[in-house]
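Encoded as structure tokens, the structure appears first; notes follow it.
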Amino acid sequence: MRYVIVGLHAAGRSACAWLRRLRPDASIVGVDPEAMPPYARPLISYVLSGELEPGQLNVEGPDFWDRLGVRVVSERATALDPDKKILTLASGRQEPYDCLLVATGSSPRPAGVQGSAAKEIHYFRTRGHVERILAACRPGGSAAVLGGGLVGFKLTMGLLARGMRVHLLVTSPQPLALNVDERVGAWAAEQLAALPNLALQTCVTAQSMEPEPSGGYRLTLDTGESLTVDLVAAGKGVIPASGWLDGSGLACADGLAVDQRLLTAAPEVYAAGDTAICRDVALGAPRINAIWPLAVEQGRFAAWNMAGQDCPYPGGLAMNSIPLFGRHVVSVGAVNPRLTRGCVSEVAEDRQGRYLKLVFDGSSGRIVGALGLDAAPRLGELTWAVRRGLTRDDIPTHWRRAPLSAAPLAARTEWLAKAAGL
Amino acid sequence: MSKTDFSDLTICKDAQQMLAKAREEGVETVWDRKRAQEPHCGFCELGLSCRNCAMGPCRIDPFGHGPQRGVCGADAHVIVARNVGRSVASGAAAHSDHGRDLVETLHAIGEGSTTDYTIRDPEKLARIAVELGIETAGKDTNALARAVSERLFEDYGIRRNSLAFIGRAPQKRRDLWKKLGITPRGIDREVVEMMHRTHMGVDNEPVNLLLHAARVALSDGWAGSLTATELSDVIFGTPTPRVAQVNLAVLKEDHVNILVHGHNPIVSEAILAATKDPGLIKAAKDKGAAGINLAGLCCTGNELLMRQGIPMAGNHLMSELAIVTGAVDLIIVDYQCIMPGLVTVAGCYHSKVITTSPKAHFSGAEHVEFSLDNARQKALQAVGMAIEAYSGRDPKRVFIPGSPVPMMTGFSNEAVIGALGGTLTPLIDAIKAGQIRGAVGIVGCNNPRVKHDFANSELAKELIKRDILVLVTGCATVSTGKQGLLMPEAASLAGPGLSAVCRALGIPPVLHVGSCVDNSRIMSLCAALATTLGVDISDLPVAAAAPEWYSEKAVAIGLYAVASGVFTVLGVTPPVLGSSVVAGLLTNGLEGVVGATFAIEPDPCKAAELIDARIRTKRLALGLSA
Amino acid sequence: MVVKSVIIRPELCVGCMQCMIRCAEAHSESGVLALAVSEAVLAKPRIHIGVGPELRPFPNKCRHCEPAPCQEACMPGAIRSDIAEGLKIVDMARCIGCGMCGMVCPYFAIRYYPAAQVAGHGAVAIKCDGCHERVARGQVPACVEACVTGALAFEDVNRHMNAGVNRLANAALGVTA
């Protein structure tokens with residue numbers, strides 16, 4: 001059996017590890033143009049803020065792939081022929097496969113800015129990106145960050161930590177709109193507003209970017225205003241990196257649709273991670289949730305299925321843990337106001353400002369989301385509850401009474417009530 | 001079950017042999033029960049649990065993860081301080097209630113309502129009457145007994161300006177107590193007030209609570225315990241030096257063996273008298289015994305040992321093991337430190353347990369209630385029961401280990417001063433000359449959480465090596481006695497100065513001064529030394545140690561020693577570490593308040609170093625050699 | 001080789017919280033309760049007594065899942081299975097306190113606190129490490145040693161299951177063993 005794994009980050013690495021456990025003798029080929037050894041991409045924000053050294057991005061040693069018995073080909077994949085079961089690489093070299101996993105991840109969504117300098121916008125996804133931003137940073141300088149989502153937020157905090165003045169330009173009425181509810185969003189905006197060296201502007205979009213003769217860039221906004229800054233960085237979300245499959249016959253414009261076993265429309269071609277369109281359990285609809293833990297998990301499920309086990313993937317959901325101004329914000333499933341119309345929510349909070357919100361579907365009562373401020377440990381079981389399809393009635397009284405100290409929902413508490421002995 | 005090495009539990013050969021016998025015979029002892037209780041409650045070990053009211057029970061999380069306040073809002077410091085306060089109140093209550101029984105006895109003698117007790121030391125009674133300001137002229141002994149007992153009754157109840165014996169404390173010390181507002185006002189009052197203060201919603205300031213705890217303890221050390229000691233001397237005689245014997249081998253295979261256990265001499269002295277009854281001796285012989293043998297356990301054993309030279313079978317942890325010999329026919333108890341497990345152990349043999357006090361019944365024991373007007377008759381009845389029980393003894397199960405160890409006893413203050421020629425001057429001279437560098441009271445109990453008798457005896461050895469005179473009371477007496485330290489020959493183990501003094505006077509380097517209420521003798525001696533030298537007790541080169549303490553009484557003793565200015569080393573950590581405020585005050589802060597603190601040091605060698613350093617400092621401050 | 005693990009029988013738990021206090025003690029710098037409570041960075045328990053139905057106590061700790069959601073969510077690879085057989089152990093030096101593991105742990109078994117082992121590091125994930133160091137020394141986990149009611153036991157899972165089957169069979173047959 002010859003497995004080819006295209007993309008060796010979260011999903012691909014997880015798939016390789018599980019395939020090797022399940023198929024000790026199989027031949028596994030890994031294809032990825034980015035320099036090895038493996039590193040954790042989401043950690044680049046910690047490097048930008050100075051909390052980690054660049055070397056700490058590496059999560060495995062240089063001999064990781066050798067120890068795993070994976071032959072690594074450091075090239076970009078350019079085409080797939082599902083009929084002949086052949087993968088073509090940038091060099092023209094071809095890799096035949098019996099079973100293939102597409103785990104090529106995603107790319108930054110272009111910022112949509114016109115102008116001759118727009119190509120100098122920094123994006124923020126890879127080790128190379130953070131290295132380039134760090135090279136461009138200078139204390140006392142100014143920067144514009146486009147996008148008020150998680151990446152934009154982390155860019156902002158990192159650039160501030162590097163001593164820059166930052167203009168954060170957010171298209172939505174408030175930052176982190178996708179990840180939090182109005183209450184936590186308002187709190188975050190308040191905290192941001194209080195930061196020195198930060199100018200937050202909401203409901204605004206950058207339209208064009210031109211070089212300034214004296215150095216730096218002039219950024220023109222849709223309000224007619226303009227800004228002069230030394231550096232422009234954008235975090236406007238990601239798009240699946242599946243364009244290379246255009247000629248394969250697979251529908252790939254918005255990612256690869258997969259079935260329950262993470263199999264694409266092509267035989268023996270699976271997809272996992274940021275390229276795979278899976279069922280979202282909170283929304284009940286297919287969706288890409290481009291996040292690390294789901295990529296690792298899908299890599300595992302893909303490997304199980306590729307190894308011949310029938311393991312239906314239960315579906316993913318949005319979830320994020322965001323260390324924010326010394327506190328932990330964790331959101332799971334549907335919490336942002338746009339997605340939770342018609343939902344019912346329950347809120348628990350205490351005097352320390354810890355806040356926990358459960359969001360239930362208005363008609364079925366199913367729990368579809370949860371949000372916590374400094375309640376991080378509690379969110380895991382709510383993630384589980386969303387995935388398990390628990391309803392409002394499944395949340396027992398004792399849990400409601402003391403949501404910060406109650407026994408976990410996942411504990412089989414019903415037998416507590418039974419007499420001891422069995 | 002794996003073979004247990006009993007040398008981990010006790011240093012005493014007799015104890016190790018009895019533990020092996022108990023194991024073989026399936027008898028559960030205090031060590032088994034202690035093991036079954038492990039692990040002990042961590043909250044309680046730190047003093048952080050509170051059961052004072054029904055809004056709780058409450059616990060404070062010492063790691064800051066869980067609750068930091070009880071339901072009422074009390075924090076760790078208040079809870080720990082309240083718990084300490086209640087322990088001290090219980091300990092002081094025990095000593096003082098014991099003292100009250102002696103006041104009642106003295107009063108009954110004076111009234112003529114008992115003929116079973118008499119006054120054996122009328123001279124001491126007269127001295128006490130003078131001390132208490134009672135007009136002695138024209139009063140016979142009974143009239144003095146009435147007057148003294150009435151004055152002492154008042155210590156328990158009615159508020160007076162001061163307690164009867166408080167004048168023994170040096171003036172400087174009394175002034176300090178007054179300044180701090182901790183001069184005790186009444187024995188029962190201070191205990192009751194502590195129970196009041198520790199009720200929910202009364203005293204919620206840890207320092208204020210601890211200051212009152214000090215006052216409660218002082219009402220014990222300078223009144224309750226002191227009364228017990230002084231009146232026991234008046235009624236049963238002031239001890240004088242003599243040689244007696246110790247360890248389980250004082251039991252005699254061919255005799256009816258009776259053990260007295262508990263604290264007050266009132267019952268044990270009556271039993272002693274009954275064992276000499278010719279009719280009962282004949283009855284015993286008729287049953288085939290060679291005679292009737294009486295031995296003591298615990299503090300009532302110390303009382304008989306001090307005054308009558310009755311042998312000691314053992315201390316606190318030996319009480320069950322004495323029964324395991326299979327040779328004990330009757331064990332007669334009054335109160336305090338009698339483990340309820342004793343009845344269960346006795347049930348494994350033919351041994352009978354008899355309770356005597358209306359205050360202390362034990363399930364499974366036979367109750368023969370002693371009162372002042374029937375003590376003699378009840379004692380005869382009890383000894384008769386012992387002879388009866390002797391018939392049921394199974395000779396095959398009898399094993400009395402080893403042979404008795406001699407020990408010297410009877411060093412009351414009067415005896416010490418008498419031996420010195422009627423004055424403290426020779427002692428003071430020896431201290432000044434550095435022959436005796438200082439004195440330390442090793443007091444208190446045994447505790448199964450530490451190796452039985454190890455710390456008590458090792459500390460004594462370490463101290464005498466350093467020319468520090470050791471005074472022992474209570475269970476520490478047996479610990480040191482069994483190691484031979486209570487004989488003049490032990491002078492060879494002492495440093496050159498102390499050794500020379502001991503040889504000159506023919507005394508041991510470790511002096512037995514009594515039972516646990518007799519720690520008051522040590523306080524009185526310290527007070528007399530300080531007054532003679534014109535200094536405070538806290539200026540003296542003295543210290544106290546309770547290396548194996550277990551009881552709430554020991555907490556009260558420790559606190560009255562410290563509040564009187566005596567540096568006190570505890571070998572077992574008290575449940576106070578949950579509060580930095582309480583622990584800090586007890587081990588550090590009190591130095592600036594009462595001139596002494598507690599130290600916690602389980603290692604007897606290190607404890608000796610701490611004490612040595614203290615004594616050196618005090619000697620230098622007095623202008624003496626280190 | 002028999003691999004033992006901590007088995008919890010919540011119906012025997014009386015909520016005394018000794019497991020919590022002894023767990024924190026065992027994971028303190030000094031390892032001694034009396035000293036542990038005054039350390040500069042207080043150790044924290046890795047087992048918790050949660051409130052169950054009708055206020056009954058529920059002992060709750062990491063189940064050391066395989067595969068473990070926390071391990072999959074851990075970006076810096078701080079949750080390791082190569083330290084001790086069968087255990088998922090947080091390598092505090094690698095932990096960045098991001099909270100991802102708590103976001104996916106279904107059992108409320110991970111908390112975030114500063115730890116003395118990585119002083120100055122900010123809050124890190126604190127969870128049961130199976131007391132692997134104690135076990136290697138031949139001791140049982142601290143929580144099990146602390147439990148006086150038998151709600152926590154350190155046993156071979158299979159043997160424990162057999163005991164349960166026997167109890168069930170006895171109950172079904174009306175036998176009181």
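In the text below, chain A, chain B and the rest are named by the order of the sequence lines, each starting its count at 1.
For a residue to count as touching a neighbouring chain, one of its non-hydrogen atoms must lie under 4.5 Å from one of that chain's; by this rule A:Leu52 touches chain C with the side chain only. Proximity to chain A is limited to the backbone of C:Cys105, based on heavy atoms less than 4.5 angstrom apart. Looking at C:Cys70, there are no atoms closer than 4.5 Å to chain A (heavy atoms on both sides), in backbone or side chain. Heavy atoms of A:Arg388 lying under 4.5 Å from chain C are absent altogether. Proximity to chain C is limited to the backbone of A:Asn320, based on heavy atoms less than 4.5 angstrom apart. A:Arg21 touches chain C through its side chain: at least one heavy atom from C-beta onward sits under 4.5 Å away, while N, CA, C and O do not.
Interatomic distance, C:Ile96 CD1 to A:Leu43 CG, rounded to the nearest 0.5 Å: 5.0 Å. If you take CE on C:Met100 and CG on A:Leu379, they are separated by 12.5 Å, rounding to the nearest 0.5 Å.
The side-chain heavy atoms of A:Trp384 and C:Pro69, taken from C-beta on, include no pair separated by under 4.5 Å.
Closest of all the heavy-atom pairs between C:Pro106 and A:Pro408 is O-CB, 4.2 Å. Smallest separation of non-hydrogen atoms from C:Glu66 and A:Trp18: OE2-CH2, 3.7 Å. Smallest separation of non-hydrogen atoms from C:Met75 and A:Pro42: SD-CB, 3.1 Å. The minimum heavy-atom distance between C:Arg94 and A:Val59, with the atom names listed, is NH1-O, 4.1 Å. Residues C:Met103 and A:Ser331 come closest through the heavy atom pair SD-O, 4.5 Å.
Comparing A:Ala295, A:Pro293, A:Ala10, A:Ser321 by how many heavy-atom pairs each has under 4.5 Å with chain C, the most go to A:Ser321. Put simply, of A:Glu297, A:Gln56, A:Met319, A:Arg387, the one with the most heavy-atom pairs under 4.5 Å next to chain C is A:Met319.
Residues from residues 110-118 of chain C that place a non-hydrogen atom less than 4.5 Å from a non-hydrogen atom of chain A comprise C:Ile110, C:Arg111, C:Tyr112, given in numerical order.
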